[in-house]
Amino acid sequence: MPLTLASLVQHSALKLTVRAGADRLDTPVRWVHASELADPVPYMDGGELLLVTATNLDAEDHETMRRYVQRLAGAKVAGLGFAVGVTYEDIPAALVDAAGEAGLPLLEVPRRTPFLAISKAVSAAIAADQYRAVTAGFEAQRDLTRAALAGDGPTELLARLAAHVDGWAALYDTSGAVVAAAPDWAARRAARLTPDVERLRDRPAPASVVVGTTADDTDRIEIQSLGSGHRIRGALAVGTGAAPGTAERYAVHSAVALLTLTTARSRSLQGAEQRLGAAVLRMLLAGQPDHARAVAGDLYGGLLDAPFRLLIAETPAPSAPAAPQLLAETMEAAAARSGETLLMVPEGERVVVLAADGGAAVEACTAYAQAQDDRPAREPGADDGDVVVGLSAPAGPIAVSAAYKQAEQALSVARRRGRALVEHEELAAGSLLPLLADDAVRAFADGILRPLSEHDAKGRGDLVASLRAWLSRHGQWDAAAADLGVHRHTLRYRMRRVEEILGRSLDDPDVRMELWLALKTSAASSSAPTGG
């Protein structure tokens with residue numbers, strides 16, 4: 001309990017008497033200060049018990065005392081202690097009346113009670129209260145640590161934290177979704193804070209924000225980020241009826257540290273799972289589903305037993321490489337809440353995900369993309385840092401390679417059309433690819449590409465692959481060069497050689513269309529099954 005004026009009045013050794021403001025004795029006392037200045041307010045911080053002998057005050061003048069007391073009340077002084085038997089034998093009526101009017105507690109200090117005794121009593125009481133708070137804080141740390149080590153997840157830790165702060169607590173994942181809350185009724189209240197958690201996510205860790213009260217309750221709510229290395233891994237919200245004291249602060253800080261450690265440990269395990277997932281994905285792409293199942297074991301085996309979708313996410317803006325990872329974390333949180341298995345493999349600045357067809361993770365991905373598309377219209381191909389997703393058709397373990405190509409094709413269309421997500425099913429209807437099997441089309445493709453193929457066969461460059469990369473990237477030099485692993489100047493030289501060899505200008509859209517169809521026909525012919 002903090003020290004109050006009532007505590008000092010009840011201190012038998014001080015023998016203080018209340019002369020005004022008896023209904024304000026529950027006012028906390030932060031410190032004690034003696035001053036004989038006519039205006040001590042510039043040197044006050046608020047919450048002090050001011051001690052005076054009125055040496056420099058005309059304490060019998062009603063107007064002077066009214067102004068004096070009003071200044072003290074305006075400065076949030078806890079109370080005024082007046083020593084009798086020094087300058088005045090009794091507290092002048094003008095001061096008593098002024099204190100009563102202003103509602104400022106006025107204590108009579110007898111001559112035999114030195115100001116130093118009051119200062120010592122206040123100092124000892126404050127020290128004792130701080131000791132109790134620190135002791136309670138350490139006990140909260142031990143209690144929360146035991147809850148964290150019990151291995152029962154965050155729910156028990158949140159329950160104990162809520163008890164220590166006499167309020168409620170909630171844990172959020174990186175997407176801003178509520179993972180757990182205590183007591184149970186706090187989950188709905190915590191869910192309304194998701195926009196505040198999302199804004200906090202954009203600030204480097206550690207970060208915190210006080211969001212005040214919600215619309216229909218009187219909570220003081222503070223949200224703290226979880227994470228280290230300037231990367232936020234989640235957030236903790238704590239609701240209390242008033243600003244937390246020292247002991248409550250210890251409890252909250254301990255919970256933040258423990259949840260951060262727990263999150264970091266989970267991330268380490270997740271890293272190991274991702275490495276295993278990458279191995280499983282490589283085997284599936286290599287056409288080795290049986291080996292992939294053996295490696296997947298219980299961790300990913302269930303995912304391979306039912307139809308799944310393969311998606312590839314990337315960002316068109318090099319300045320926002322974390323966008324695909326954020327989408328993956330959103331899907332991961334949705335999968336965790338629904339008990340689904342998710343295989344997520346980062347590939348540089350893109351992410352490849354295997355998720356159950358029709359599951360919560362794919363639904364979360366669709367909702368995430370829809371939220372982007374519902375924003376004000378963007379120009380196709382605008383590099384605004386949003387995520388772009390290509391989603392395959394439902395597939396099984398033996399068709400992962402085909403699903404990967406489908407996702408790549410859908411991603412290319414999404415990028416070109418300025419859409420956040422394109423599904424392969426949208427491309428299948430009305431596709432021109434079946435028409436490319438015609439013999440005449442194949443002959444046309446062979447004729448137009450033969451000069452480039454003959455040039456490449458002599459070991460003088462890779463013009464066919466360079467042309468394909470350049471056209472697939474719609475003439476974007478940097479992107480196409482990155483796909484090929486060459487400098488853009490090298491790619492520009494190769495495109496000039498293509499024009500020289502073919503005798504046609506790549507600035508002509510008809511030429512580009514014919515070359516692209518020829519390349520697609522050539523690819524379709526080379527991948528077509530042969531009869532035996």
Side-chain angles (χ1 to χ4, degrees), residues 1-130 133 212 218 220 241-246:
M1 291 290 293
L3 174 67
T4 64
L5 291 174
S7 305
L8 291 176
V9 172
Q10 294 165 7
H11 196 297
S12 59
L14 299 179
K15 301 189 181 304
L16 304 176
T17 304
V18 181
R19 297 295 300 275
D23 59 337
R24 302 287 184 88
L25 295 183
D26 59 347
T27 303
V29 178
R30 295 180 57 250
W31 198 241
V32 63
H33 181 64
S35 175
E36 300 298 341
L37 294 174
D39 183 13
V41 168
Y43 307 97
M44 309 296 284
D45 197 32
E48 300 92 348
L49 171 62
L50 177 63
L51 303 178
V52 301
T53 64
T55 302
N56 298 320
L57 290 175
D58 185 0
E60 294 180 328
D61 184 80
H62 285 272
E63 184 59 27
T64 300
M65 288 300 95
R66 186 184 65 81
R67 292 195 302 267
Y68 178 75
V69 169
Q70 284 182 345
R71 285 196 299 271
L72 296 182
K76 306 298 182 182
V77 170
L80 179 64
F82 191 98
V84 297
V86 182
T87 305
Y88 295 91
E89 290 302 319
D90 193 9
I91 302 179
L95 178 55
V96 175
D97 292 343
E101 292 174 3
L104 179 70
L106 176 62
L107 307 181
E108 179 182 307
V109 183
R111 183 180 179 85
R112 64 179 179 274
T113 300
F115 285 174
L116 182 60
I118 300 176
S119 296
K120 286 183 177 180
V122 170
S123 179
I126 292 176
D129 185 61
Q130 289 178 339
T218 57
R220 176 194 183 274
T246 302

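Residues take their numbers from the sequence shown, with the count starting at 1.
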[X] side, atom [atom1]; [Y] side, atom [atom2] - distance, nearest 0.5 Å:
{"X": "Ile118", "Y": "Leu49", "atom1": "CD1", "atom2": "CG", "answer": "6.5 Å"}
{"X": "Asp39", "Y": "Arg67", "atom1": "CG", "atom2": "CZ", "answer": "11.0 Å"}
{"X": "Glu101", "Y": "His62", "atom1": "CD", "atom2": "NE2", "answer": "9.5 Å"}
{"X": "Thr55", "Y": "Leu37", "atom1": "OG1", "atom2": "CG", "answer": "11.0 Å"}
{"X": "Leu50", "Y": "Glu36", "atom1": "CG", "atom2": "CD", "answer": "8.5 Å"}
{"X": "Trp31", "Y": "Asp45", "atom1": "CH2", "atom2": "CG", "answer": "12.5 Å"}

Distance-minimising heavy-atom pair for [X] and [Y]:
{"X": "Leu8", "Y": "Ala121", "result": "CD2-CB, 4.5 Å"}
{"X": "Val69", "Y": "Ala98", "result": "CG1-O, 3.7 Å"}
{"X": "Pro110", "Y": "Lys15", "result": "CD-O, 3.3 Å"}
{"X": "Leu5", "Y": "Ala78", "result": "CD1-O, 3.3 Å"}
{"X": "Pro40", "Y": "Ser35", "result": "CB-OG, 3.6 Å"}
{"X": "Arg30", "Y": "Ile126", "result": "O-CD1, 3.0 Å"}

Does [X] use its side chain to pair, donor to acceptor, with the backbone of [Y] at less than 3.5 Å?
{"X": "Arg24", "Y": "Leu104", "result": "no"}
{"X": "Glu48", "Y": "His33", "result": "no"}
{"X": "Glu108", "Y": "Leu16", "result": "no"}
{"X": "Thr53", "Y": "Thr87", "result": "no"}
{"X": "Asn56", "Y": "Ala38", "result": "no"}
{"X": "Gln70", "Y": "Tyr68", "result": "no"}

For this session: Starting from the C-alpha separation in whole Å, work towards a yes-or-no answer on side-chain contact (heavy atoms from CB on, under 4.5 Å) for Leu116 and Lys120.
Result: CA-CA 6 Å; Leu116 182 60; Lys120 286 183 177 180; 4.0 Å; yes
For this session: Quick one: do Leu106 and Val96 satisfy side-chain contact (heavy atoms from CB on, under 4.5 Å)? Show the steps, please.
Result: CA-CA 7 Å; Leu106 176 62; Val96 175; 4.0 Å; yes
Exercise. Between Leu57 and Phe82, does a side-chain contact (heavy atoms from CB on, under 4.5 Å) hold up when you go through it step by step?
Worked result: CA-CA 12 Å; Leu57 290 175; Phe82 191 98; 6.0 Å; no
Problem set entry | Note, Thr64 side chain near Arg66 side chain (heavy atom, < 4.5 Å) |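 Heavy-atom side-chain distance check fails, nothing below 4.5 Å.
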For this session: Would you check if Arg111 and Val84 make a side-chain contact, meaning some heavy-atom pair closer than 4.5 Å?
Result: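 The answer is no; the side chains never approach within 4.5 Å.
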Exercise. After noting the C-alpha distance and the side-chain angles of Leu107 and Val18, does the key distance pass the side-chain contact (heavy atoms from CB on, under 4.5 Å) rule?
Worked result: CA-CA 5 Å; Leu107 307 181; Val18 181; 3.9 Å; yes
For this session: Check the pair Arg19, Asp90 against salt bridge (Lys or Arg N to Asp or Glu O under 4.0 Å), reporting the backbone distance first and the verdict last.
Result: CA-CA 11 Å; Arg19 297 295 300 275; Asp90 193 9; 3.0 Å; yes
